[in-house]
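First comes the structure, then the notes that go with it.
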Amino acid sequence: MKILTAAALSLVLSASVAVAEPVIGTWQTEADDNGNFGHVEIAACGAVICGVIVRAYDSAGQPRESQNIGKRMIWDMEAKGEGSYTGGRIWAPDRDKVYRSKMSLDGDRLKVSGCVGPICRGQTWLRVQ
């Protein structure tokens, strides 16, 4: 019984840590080659961080329809402290590829980067107020 209690307490504590993460919120991606960009809602998913595309915009900043709205973009990201996140995956809609990913938070800027083999990419996202 003590093992079950300890396991349940561990799950509750790890989930509460993720909830307190400063990265939680809405982030604007950099524009793609066509000038389109999106908003990604980052949240706690248990003890890890995840993110879903919630809005899409054209190059003029007008909302647009997109088949990517509602799709998971970030998953399994682990908070390492001091604004550092690693161990996750990120999906790049423009290339339809999944990258090993890490993130670094600096105020209202979030550097996201990922690699597939030796090929790496990165963006700086801005917090949506």
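Side chains included, hydrogens not; waters and symmetry mates left out as well; all remaining heavy atoms used. Owing to the predicted nature of the structure, the values given are computational and were not obtained by experimental measurement.
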Please list all pairs passing the salt bridge (Lys or Arg N to Asp or Glu O under 4.0 Å) test where one or both residues lie in residues 83-103, with sequence neighbours left out.
D94-R121
Would you mind listing every salt bridge (Lys or Arg N to Asp or Glu O under 4.0 Å) that reaches into residues 46-55, with sequence neighbours excluded?
none
Sequence neighbours excluded, the answer for side chain to side chain contact (heavy atoms under 4.5 Å, CB included) partners of D33 is none
In the hydrophobic clustering that connects Ile, Leu, Val, Met, Phe, Trp and Tyr at side-chain heavy-atom distances below 4.5 Å, which members other than F37 occupy its cluster, ordered by chain and number?
Y57
Specify the closest pair of heavy atoms between S113 and S101, including all atoms of both residues, with the distance to one decimal.
O-OG, 2.9 Å
Residue list, side chain to side chain donor-acceptor pair (under 3.5 Å) with D108, at least two apart or on another chain:
R127, Q129
Side chain to side chain donor-acceptor pair (under 3.5 Å) with W27: which residues, sequence neighbours excluded?
none
Test: ring-ring contact (aromatic ring centres under 6.0 Å, His included). Region: residues 90-129. Which pairs qualify, not counting sequence neighbours?
none
What about M103 and L126, same hydrophobic cluster or not, with Ile/Leu/Val/Met/Phe/Trp/Tyr joined at side-chain heavy-atom distances under 4.5 Å?
no
Report all side-chain donor-acceptor pairs from residues 67-86 shorter than 3.5 Å, counting only partners two or more places apart or in another chain.
| unit_1 | atom_1 | unit_2 | atom_2 | d |
| --- | --- | --- | --- | --- |
| E78 | OE1 | K80 | NZ | 3.2 |
| Y85 | OH | E21 | OE1 | 2.6 |

Do the side chain of N34 and the main chain of N36 share a donor and acceptor less than 3.5 angstrom apart?
no
Could you list all the disulfide (SG to SG under 2.5 Å) pairs where at least one residue sits in residues 59-98, not counting sequence neighbours?
none
Qualifying disulfide (SG to SG under 2.5 Å) pairs, either residue in residues 92-129, two or more places apart
C115-C120
Compile the donor-acceptor pairs under 3.5 Å between side chains in residues 40-54 and protein atoms, sequence neighbours left out, one pair per line.
| unit_1 | atom_1 | unit_2 | atom_2 | d |
| --- | --- | --- | --- | --- |
| E41 | OE1 | T26 | OG1 | 2.3 |

Min side-chain heavy-atom separation K111-D106 under 4.5 Å:
no
Should we count CZ of R109 as having more than 12 external heavy atoms under 6.0 Å?
no
